[in-house]
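Throughout, a chain's letter reflects where its sequence line sits, starting with A, and its residues are numbered from 1. Note: hydrogens, waters and symmetry copies are ignored here, and every other heavy atom, side chains too, is used.
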Amino acid sequence: MRFPIGLCTALAALTATAPAFGAGLTVTNTVFAQQRSTAPDGTTKIALTPATRVTPGDRVVYQLAYRNGGAQPIEGLTLNNPLPQELTYRGPAQGSPAPEVSVDGQNYGPLAALKVRGSDGGWHAARAEDVTHVRWRIANALPAGSTGKVAFEAVLK
Amino acid sequence: MKAVSTGYGGSIARAVALGAAVSLCAAASPALALGPAGAQIDNVASLQFAIDGHSASISSNLVTTRVGEILDVTLHALGTSTVEVSTGEADRGVPFLLTNSGNGSEAFALNATVGGTALPASTLFIDTDRNGAFDPAIDTPISACGCSPALAPGATLQLLVIIPAATQAGSGVLSLQARSGTGTGAPGTLFAGRGDNGADAVVGATGAAATAETPFTATEADASVVKSQQVVAPDGTSSPVSGATITYRLEVVTRSNARLTAAQLADTIPAGTTYLPGSLQIDGAALSDANDADNGRFDGSSILVALGDIDQPTTRVVTFQVKIQ
């Protein structure tokens with residue numbers, strides 16, 4: 001896949017930062033397309049490039065980068081990302097802690113613990129394609145001035 | 001028994017091949033569930049947190065990604081075996097199935113060749129009733145540009161390529177190519193802004209082009225039937241008015257090495273006419289209408305003449321008369 005020239009400016013427009021009211025917490029949501037290429041030594045190299053356009057089957061990574069810009073520590077930080085319906089969840093992105101996932105937006109847990117009702121009326125083990133929400137609960141307080149990142153991988157249906 | 005059909009300069013092979021094609025046309029592809037081209041994917045996250053025991057929440061920025069159009073096409077010959085055709089056959093269609101396997105609405109340019117020679121767009125038809133056989137009253141011609149109508153993602157179109165009547169006896173290959181109207185190229189080739197809703201279009205794994213081939217064998221017709229008619233009105237003119245008599249002449253010609261067993265000629269009396277009893281003749285000799293010792297009969301709707309076994313060049317002429325009601 002090739003990208004048109006001028007993507008850097010497009011990316012800048014995509015990564016506007018949402019201000020938190022008075023708290024100093026900011027979060028930046030960015031989407032990347034995953035490019036797999038085979039290196040000369042035979043290993044597979046994965047590169048992330050800004051995704052302004054994706055096509056079915058493409059792997060994308062959504063990254064949430066957060067920063068406590070205030071003077072107070074932030075506690076109980078929870079990041080919740082409802083999955084756009086055009087995407088199928090694949091898993092945490094490389095280097096990110098695994099999120100809790102949900103198939104109904106209500107109950108969260110590891111995928112293996114979730115069940116979905118099948119067309120036959122019975123309950124079945126949930127699969128990655130059933131995931132509708134992902135959530136990270138940051139266990140420790142986020143000290144003033146510190147940052148963190150979480151990310152998940154999905155495939156365009 | 002082989003039946004010789006009338007009303008065409010047609011051949012015996014037709015009925016057999018037609019039956020084979022009909023049984024195949026149920027194989028329609030299921031629709032593909034790809035993200036639609038041009039759709040916008042919006043993603044926003046929410047954050048809940050507490051400072052000094054006070055809860056608050058914020059939303060992230062919105063990120064928007066546009067789904068590009070993948071250009072992909074598949075084309076299959078319907079029926080894998082060799083098509084048998086008779087020389088001079090003017091309306092023999094070979095069926096193909098075109099599938100828009102991309103995720104956008106797309107029209108496809110169609111090119112047919114026979115033995116490497118391009119055929120005009122006028123030889124391409126949409127097999128509207130998907131029966132695998134050409135019917136000029138039902139099937140619609142492809143427009144003069146040689147392009148299909150726009151197909152929705154996953155949609156299929158059954159096509160017919162008419163083998164030229166001038167095809168010489170022998171073996172050949174009929175080839176059909178379909179190319180995405182937006183463009184073709186190596187997978188990944190980009191057509192910026194040319195996809196649905198102004199999205200970018202990207203060539204998919206198929207290269208946005210597909211070709212399918214059907215081998216065929218053209219043989220001299222074993223037998224041909226030429227039908228002609230003569231009208232005589234009560235006033236002596238040839239006007240086809242009520243009360244006029246039509247004399248039908250069926251000339252059956254078999255070729256040099258034809259081997260027909262228990263051949264039978266059948267012709268249905270046209271609607272709006274009445275068979276004239278006792279008018280059936282073969283080579284000038286009368287045949288009775290009853291189902292008896294002679295080779296001809298009228299069964300109430302058709303005349304039937306048994307021609308028997310034929311293993312040498314033969315010409316037989318059958319005549320009968322009807323009256324216009």
Side-chain angles (χ1 to χ4, degrees), chain A residues 1-4 13-31 33 50-58 60 62-66 68 70-87 134-138 141-142 150 154-157, chain B residues 32-72 101-104 153-154 185-206 208:
Chain A
M1 188 186 306
R2 288 177 6 210
F3 288 91
L14 280 174
T15 56
T17 301
F21 48 94
L25 177 67
T26 55
V27 61
T28 303
N29 188 357
T30 313
V31 58
T52 51
R53 184 236 320 130
V54 290
T55 49
D58 281 358
V60 291
Y62 283 95
Q63 183 191 73
L64 296 167
Y66 52 91
N68 182 358
Q72 306 260 19
I74 289 173
E75 293 165 352
L77 178 60
T78 301
L79 299 98
N80 193 322
N81 196 149
L83 206 66
Q85 62 177 10
E86 297 87 352
L87 299 174
V134 297
R135 179 176 86 174
W136 288 268
R137 289 186 294 180
I138 311 300
L142 186 66
V150 293
V155 173
L156 179 61
K157 288 173 191 169
Chain B
L32 303 176
L34 294 177
Q40 198 164 294
I41 304 174
D42 293 332
N43 186 38
V44 64
S46 64
L47 288 78
Q48 289 86 40
F49 56 97
I51 298 175
D52 272 351
H54 299 286
S55 324
S57 68
I58 60 168
S59 292
S60 77
N61 59 299
L62 174 79
V63 287
T64 296
T65 311
R66 182 70 78 87
V67 179
E69 181 176 349
I70 286 196
L71 304 172
D72 266 328
S101 44
N103 66 336
T189 303
L190 175 72
F191 296 96
R194 301 260 313 272
D196 286 2
N197 299 328
D200 292 342
V202 182
V203 174
T206 62

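Atom-to-atom distance recorded for A/N29:CG and B/S59:OG is 10.5 Å, nearest 0.5 angstrom. The structure places OG of B/S60 at 12.0 Å from CD of A/Q63, a figure rounded to the nearest 0.5 Å. Taking CD of A/E75 as the start and CD1 of B/I51 as the end, the distance is 9.0 Å to the nearest 0.5 Å. Note that the CD1 atom of B/I41 and the CG atom of A/L87 stand 4.5 Å from one another [nearest 0.5 Å].
For the pair A/V27 and B/I58, the minimum side-chain heavy-atom distance is below 4.5 Å. Taking the side chain as every heavy atom from C-beta outward, B/T65 and A/V60 never approach each other to under 4.5 Å. A 4.5 Å side-chain heavy-atom check between A/V31 and B/N43 finds every atom pair outside the cut-off.
B/N103 places no side-chain N or O within donor-acceptor distance of the main-chain N or O of A/P56, the cut-off being under 3.5 Å.
Applying the ring-ring contact (aromatic ring centres under 6.0 Å, His included) test to A/Y62 and every residue at least two apart in sequence or in another chain returns A/F152. In this view, B/R66 satisfies the salt bridge (Lys or Arg N to Asp or Glu O under 4.0 Å) rule with no residue, not counting sequence neighbours.
Residue contact with chain A, scored on non-hydrogen atoms closer than 4.5 Å, involves the backbone of B/V44 exclusively. In this structure, the portion of B/D42 lying under 4.5 Å from any heavy atom of chain A is its backbone and not its side chain.
With hydrogens and angles left out, the side-chain atoms of B/Q48 and A/N80 include no donor and acceptor closer than 3.5 Å.
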Residue pair B/F49, A/L25: steps toward the side chain to side chain contact (heavy atoms under 4.5 Å, CB included) verdict: CA-CA 9 Å; B/F49 56 97; A/L25 177 67; 3.4 Å; yes
